[in-house]
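The block underneath contains the structure these notes are about, expressed in structure tokens.
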Amino acid sequence: MAKSSTYFGLRRGSTKSLTFSVADGKQITKDRVVGGKDPRTLAQMTQRCMVATVGAAYSAMKSICDHSFEGVTAGMQCMREFTSCNLSQLQICKEYDNGFFGFNKYKEVGLHAGSYIISKGTLPQPLVDATIDSVNVNDKKVTLTLVLTANGTIAEVAEDMGCKSFGDSCSVAVMYPKADGTYGFGVVSFTYQSGTTVLESFVLAVTGDITSATPSFVSNTLKLEVRTAYRLASEATVSNTYLTAITSRKVNGIWKRSSAQFDVTDATPSFTQAIETYPIGKERFLNGSATVASTSNASGTGGNTQQGGSTGDNTSNTGSNTGDGSNTGGGSNTGGGSTGDNTGNTGTGGDDYHDPDGGTNSDE
């Protein structure tokens, strides 16, 4: 592998002998792999299932997860952090089949529900008392309760959302079941600003699969109604729609985040269900192939194959021919590829010591 620069700019793709890719803004050049083997072992298919699952999740959540990890450069580095954090979680789920993640089936695209880590940082987690009140399938609408305060003051609401100063923000992430069997993902952010009422004190913005968000503040309770880009599944309920929240604050020119993870315990498909759809090839022989060959043939009549590759047309043999090339009753051939003129036994082979008296032939 070589790093290179080119007059034509960064390139991707392959020529007859070279493959070009870009990593961290640098040109990578490698020899093109031709005629590579793909035995599709269980270990390979397991890894592909897990990578496909976390890759689909990142694609769905990229609108925030490409910059949601504190101290990590936005873009490719954040993607790697997301992948690393969640692959370890997927591994645990696979081992214990605990329902924390749904796994993608072979060539399946789209997000499945999972306890994904979507941000990491040093800020305290917001005290948002977030609950899902209702899901309206026909109107593509989810209603949430975010904050319930004692006195309903702006300061109380801001504090619960983790906002201490103007410019701080609280982002509420929603993961909801779609009609096509996968999950949608969207985020609503509340940025704290000066205002005379609670609603005037926050500027709202949406991203991902959420198209609009309407807040209300009644009886010291901050509620939020969000509309989704895709039709919700007919079985969408409060119990299979999930949310979490992230606080963001800029300190000395550097963005700080709080950590956030979805809490999912009943995700599908399970790893067992997903891996069954992958084309797992036959295991190599020395690695535990399950093919069983017969090792015994009584009467020794005609066309017996002996271990070591010797094939003999044995006739008038009394006794049994075993897989190690031993003929009982007509002399003994030990080893592979034996030629012997043993009593009652004619064989073909070569390069063996030969005892014409029907003794023992052994390979050197």
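Cluster annotation: M175 is not connected to L243 through the hydrophobic network of ILVMFWY side chains, with a link wherever side-chain heavy atoms come within less than 4.5 Å. Cluster membership check: V157 shares its hydrophobic cluster with V128, using side-chain heavy-atom separations under 4.5 Å among Ile, Leu, Val, Met, Phe, Trp and Tyr. Using a 4.5 Å cut-off between side-chain heavy atoms of Ile, Leu, Val, Met, Phe, Trp and Tyr, with links allowed through other members, V187 and Y176 fall into different hydrophobic clusters. Under the 4.5 Å side-chain contact rule for hydrophobic residues, F185 and L146 do not share a cluster. There is no path of hydrophobic side-chain contacts, each under 4.5 Å, that joins M161 to L127.
From I132, atom CD1 reaches atom OG1 of T143 across 10.0 Å, with rounding to the nearest 0.5 Å. Taking CD of Q47 as the reference point, atom OH of Y278 lies at 11.0 Å (rounded to 0.5 Å). The distance from the CZ atom of R12 to the CD atom of Q27 is 8.5 Å, given to the nearest 0.5 Å. Taking NZ of K256 as the reference point, atom CZ of R249 lies at 10.5 Å (rounded to 0.5 Å). Between S216 atom OG and E225 atom CD the span is 8.0 Å, to the nearest 0.5 Å. Note: Y183 OH to L232 CG = 10.0 Å, rounded to the nearest 0.5 Å.
Within the 4.5 Å cutoff, side-chain heavy atoms of K120 are placed close to those of C85. Side-chain atoms of C163 and T247, non-hydrogen and from C-beta on, never get closer than 4.5 Å to each other. Put simply, the side chain of R227 does not reach to within 4.5 Å of the side chain of K140, judged on heavy atoms. Annotation: side chain of V174 is in contact with side chain of T241 (closest heavy-atom distance under 4.5 Å). Looking only at side-chain heavy atoms (C-beta outward), C93 and F271 stay at 4.5 Å or farther from each other. Annotation: side chain of V72 is not in contact with side chain of R80 (no heavy-atom distance under 4.5 Å). Within the 4.5 Å cutoff, the side chain of I64 has no heavy atoms near those of the S171 side chain.
Closest non-hydrogen pair, S63 versus T207, comes out as CB-OG1, 3.4 Å. For the residue pair I246 and A260, the shortest heavy atom distance occurs at CG1-CB, 3.5 Å. Across all non-hydrogen atoms, the minimal contact from C78 to C65 is CB-O, 3.6 Å. For Y58 against G75, the heavy-atom pair with the smallest separation is OH-O, 4.0 Å. Residues I210 and V188 share a closest heavy-atom pair of CD1-CG2, 3.9 Å. Across F190 and P215, no two heavy atoms sit closer than the pair CE2-CB, 4.5 Å.
Around the CD atom of Q77, the shell of radius 6.0 Å holds more than 12 heavy atoms that belong to other residues, nucleotides or ligands. Atom NZ of K178 has more than 12 heavy atoms from other residues, nucleotides or ligands within 6.0 Å.
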**Item:** side chain to side chain donor-acceptor pair (under 3.5 Å) between E70 and T122, intermediate numbers included
**Value:** CA-CA 8 Å; E70 183 182 311; T122 57; 2.8 Å; yes

**Trace of the side chain to side chain contact (heavy atoms under 4.5 Å, CB included) decision for V198 with T149** = CA-CA 11 Å; V198 168; T149 67; over 6 Å; no

**Request:** Would you check, one step at a time, whether the test side chain to side chain contact (heavy atoms under 4.5 Å, CB included) holds for N240 with T237?
**Result:** CA-CA 6 Å; N240 61 11; T237 63; 3.3 Å; yes

**Request:** Kindly determine whether K94 and I275 satisfy side chain to side chain contact (heavy atoms under 4.5 Å, CB included), including the steps that lead there.
**Result:** CA-CA 10 Å; K94 177 185 78 71; I275 198 64; over 6 Å; no

**Request:** Take K223 and T145 through the side chain to side chain donor-acceptor pair (under 3.5 Å) test and state the conclusion after the steps.
**Result:** CA-CA 4 Å; K223 289 184 176 290; T145 293; 2.6 Å; yes

**Message:** Go through it in stages, so that I can follow the logic: the residues are F262 and I118, the test is side chain to side chain contact (heavy atoms under 4.5 Å, CB included), and I'd like the CA-CA distance, side-chain angles, deciding distance and then a yes or no.
**Reply:** CA-CA 8 Å; F262 284 108; I118 62 171; 4.0 Å; yes

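A donor-acceptor contact under 3.5 angstrom links the side chains of T19 and S14, judged on distance only.
Looking only at distances, a side-chain donor or acceptor of T277 sits under 3.5 Å from a matching main-chain atom of A274. Panel note: side chain T83, backbone M79; a donor-acceptor pair is recorded below 3.5 Å. Proximity of a side-chain donor or acceptor of N220 to a complementary backbone N or O of A150 within less than 3.5 Å is detected. Checking side-chain atoms of Q193 against main-chain N and O of V203 turns up no donor-acceptor pair under 3.5 Å. No side-chain donor-acceptor contact under 3.5 Å links T182 to the backbone of D180. Side-chain atoms of Q91 never come within 3.5 Å of backbone atoms of L87 as a donor-acceptor pair (strictly under, hydrogens ignored). In this structure a side-chain-to-backbone donor-acceptor pair under 3.5 Å is missing from T228 to D209. S119 places a side-chain N or O within donor-acceptor distance of the main-chain N or O of S258, the cut-off being under 3.5 Å.
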Anything under 3.5 Å between a donor and an acceptor, one on a side chain of residues 96-107, the other on a protein residue two or more places apart or in another chain? List them.
residue, atom, partner, partner atom, Å
N98, OD1, F100, N, 3.1
N104, ND2, E108, O, 3.3
N104, ND2, G110, O, 3.0

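Just one residue in the list T46, T53, V54 forms a side chain to side chain contact (heavy atoms under 4.5 Å, CB included) with M50, and that residue is T46.
For Y192 and F202, the ring centers sit closer than 6.0 Å to each other.
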